[in-house]
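To start, the structure itself, in structure tokens.
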Amino acid sequence: MTITASQVKEIRQEFAKLKPATVTLDGNRAMIVKQAIFTLAPTLERMKKRGFDTQEIVEKLHEKGIEVKAQTLTKYLTEARRQREGQKTQKRDTPPPPPRDEQRGRFIVADIPPDIPDGEL
């Protein structure tokens, strides 16, 4: 299947105009409880570090209209933490940049001859 540049341009323009199916008033996206907890996870983790226990956090969330049980909150926070750690691991697994030739400020690429000699550039 071949896709032309004009097709991609048309798709981009059409997609830019699309609106999500789950939009509430004021343009806010509707979220399920799990999504809300994942979004709030860094803040909730900081609250725990400041001394709030899980039940206190659950009560604060209830005050804001997020109904979640303590056990479920703990589960979601654990999932969110693992997800973030997984992303950090992926970032760390990327290979480091190639070493630089400090005198010339160029990257050194081993075993790959240049296609154009330096004098001809």
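Just so it is clear, the model here is predicted, and its values are computed rather than measured. Excluded from the calculations below are hydrogen atoms, water molecules and symmetry mates; all remaining heavy atoms, backbone and side chain alike, are included.
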key: side chain to side chain contact (heavy atoms under 4.5 Å, CB included) assessment of Ile66 paired with Val58   = CA-CA 8 Å; Ile66 299 174; Val58 165; over 6 Å; no

Short side-chain to backbone donor-acceptor contact, Thr72 and Val68, under 3.5 Å =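 Checking the backbone N and O of Val68 against the side chain of Thr72, no donor-acceptor pair under 3.5 Å is found.
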
task = Say whether, by atom type as modelled, one donor and one acceptor occur between the side chain of Gln13 and the main chain of Glu10 under 3.5 angstrom.
result =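 The answer is no, because no donor-acceptor pair under 3.5 Å joins these two groups.
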
Supply the atom-to-atom distance [X] [atom1] to [Y] [atom2], rounded to the nearest 0.5 angstrom.
| X | Y | atom1 | atom2 | result |
| --- | --- | --- | --- | --- |
| Leu73 | Lys34 | CG | NZ | 13.0 Å |
| Glu59 | Asp53 | CD | CG | 8.0 Å |
| Lys69 | His62 | NZ | NE2 | 9.5 Å |
| Glu45 | Arg50 | CD | CZ | 12.0 Å |

note = In terms of heavy-atom contacts, Ala70 and Thr54 come closest through O-CG2, 3.7 Å

message = Restricting to non-hydrogen atoms, name the atom on Tyr76 and the atom on Phe38 that form the minimum distance, rounded to 0.1 Å.
response =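 That would be O-CE1, 3.5 Å.
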
Under a 4.5 Å cut-off applied to non-hydrogen side-chain atoms, are [X] and [Y] in contact?
| X | Y | answer |
| --- | --- | --- |
| Met47 | Glu56 | no |
| Lys75 | Thr78 | no |
| Val33 | Leu61 | no |

key: CD (Gln7) with more than 12 external heavy atoms under 6.0 Å   = yes

key: Atom NZ of Lys48: over 12 foreign heavy atoms under 6.0 Å   =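 Enclosed: over 12 neighbouring heavy atoms sit under 6.0 Å from NZ of Lys48.
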
